[in-house]
Engineer: 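Here you go, one structure.
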Number of protein chains: 2
Amino acid sequence: MVKVTQKTRYAIRALLRLKTFGEGGTVLKEISKEEDIPVKFLEQIFASLAKADILESKRGAQGGYRLKKSLKEVSLYEVMKSLREDVKFAHCLDIAKPECPLKSKCKAEKFWRNIQEKIMKILMETKLEEIDESLS
Amino acid sequence: MVKVTQKTRYAIRALLRLKTFGEGGTVLKEISKEEDIPVKFLEQIFASLAKADILESKRGAQGGYRLKKSLKEVSLYEVMKSLREDVKFAHCLDIAKPECPLKSKCKAEKFWRNIQEKIMKILMETKLEEIDESLS
DNA sequence: TTGATTCCTATATGTTTGGTATGAATTATT
DNA sequence: AATAATTCATACCAAACATATAGGAATCAA
């Protein structure tokens, strides 16, 4: 299953915005306000992104977030995966065994896997940097 | 949003199975049994596929379904669309106007559209015929 | 110690999905 | 004409998932 949720969209926009703050970074509240994303929701999102080493956090007063990687290096796939969004089509590939009575199921699952690989390739090749370029 | 649901998977498998019945076609109940898909759910699926001219139906006694198009001609995109599964990423492209205060949103939405087009291309190029070939 | 912040986890709300139920409409067969 | 077999149409329901909201713990600079 490949899905692009609101969460993913928020994440992308937040990262893009964070980029404009450069090395200094900023505080979550700021981005929440500027991008009009619910604070508490964004907290969860940033927690995930931080865990995935896409951004860096510092707690406490004078704390905040800043990008840890250049957006050139961060793929869409990486973001989606860190948010634990499923990036798979095939459902039960383990059923696809020779003995499986539903032959068309076996075939179909393998078929899904092929598609999945193609789409994952796109998601992996797409770096966030492209976003900034996509308006020019 | 691109998603592959159970419904889509059922549809694919059902079409594949239907193909094995050739010109004569068969009755929904039969496919339901062989593919282990809930009858009533499959009814809805087939109704959609029929509306999309992918298969042909005949009501009443001695009725049933048969493929209307060769699976060579039917794309994954077509199936998904006929089931009214969303095949779009971009959410609110109409907000992406010059006046939009959320510039990163505008950028992002355009970015999503690019991705969407790539993925749609894959889905459109993928014909169901490939499924049968994918195990060989 | 205080205030600002991130982090953690539980809960509430809304939407989608997968499936069920009921029955109407259609058609071949008897 | 009656019957049985089918597709067609629609409404409903429960579970899963998405989108938040809430409360407070942990951390840290001043």
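Order of the sequence lines sets the chain letters (A, B, ...), proteins ahead of strands, with each chain counted from 1. Heavy atoms only: backbone and side chains are in, while hydrogens, waters and symmetry mates are out.
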Engineer: Please report, rounded to the nearest Å, how far the C1' atom of C:dT20 is from the CD1 atom of B:I37.
Structural biologist: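 Atom CD1 in B:I37 sits about 16 Å away from atom C1' in C:dT20.
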Engineer: Hey, quick one: are B:F46 and B:F41 part of the same hydrophobic cluster, counting side-chain heavy atoms closer than 4.5 Å, chains of contacts allowed?
Structural biologist: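 Yes.
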Engineer: In terms of side-chain geometry, is the basic nitrogen of B:K127 or B:E130 positioned less than 4.0 Å from the acidic oxygen of its partner?
Structural biologist: no
Engineer: Can you find a side chain N or O atom of A:T5 that sits less than 4.0 Å from OP1 or OP2 on D:dT19?
Structural biologist: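 Answer yes for this pair, as a side-chain N or O of A:T5 is under 4.0 Å from OP1 or OP2.
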Engineer: Examine C:dG18: is either OP1 or OP2 under 4.0 Å from a nitrogen or oxygen in the side chain of B:Y10? Give yes or no.
Structural biologist: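 So the side chain of B:Y10 is outside the cut-off, no N or O lying under 4.0 Å from OP1 or OP2 of C:dG18.
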Engineer: Output the rounded distance in Å from CG (A:L49) to P (C:dT6).
Structural biologist: 13 Å
Engineer: In B/S/- notation, 5' to 3', how is nucleotides 6-14 of chain D contacted by protein heavy atoms closer than 4.0 Å?
Structural biologist: BBBBBB---
Engineer: Could you give the NZ-to-P distance, from A:K7 to D:dT21, as a whole number of Å?
Structural biologist: 14 Å
Engineer: May I have the distance from A:F41 (atom CZ) to C:dG14 (atom P), rounded to whole angstrom?
Structural biologist: 15 Å
Engineer: Under 4.0 Å between a side-chain nitrogen and a carboxylate oxygen: does that hold for B:K81 and B:E78?
Structural biologist: no
Engineer: Measure the distance from CZ on B:R9 to P on C:dT17 and round it to the nearest whole Å.
Structural biologist: 12 Å
Engineer: Taking atom C1' of C:dG19 as reference, at what distance in whole Å does atom CG of B:D36 sit?
Structural biologist: 13 Å
Engineer: Does B:I122 belong to the same Ile/Leu/Val/Met/Phe/Trp/Tyr cluster as B:Y77, with side-chain heavy atoms less than 4.5 Å apart forming each link?
Structural biologist: yes
Engineer: Figure out the CG/P separation between A:L42 and D:dA22, and round it to whole Å.
Structural biologist: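 One finds 16 Å between P of D:dA22 and CG of A:L42, rounded.
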Engineer: Could you walk me through whether A:Y10 and A:I31 pass side-chain contact (heavy atoms from CB on, under 4.5 Å), step by step?
Structural biologist: CA-CA 10 Å; A:Y10 281 164; A:I31 295 192; over 6 Å; no
Engineer: Give the rounded distance in Å between these two atoms: CZ of A:R84 and P of D:dA18.
Structural biologist: 13 Å
Engineer: Please determine which of A:R66, A:K69, A:K68 meets the side chain to side chain donor-acceptor pair (under 3.5 Å) test together with A:E56.
Structural biologist: A:R66
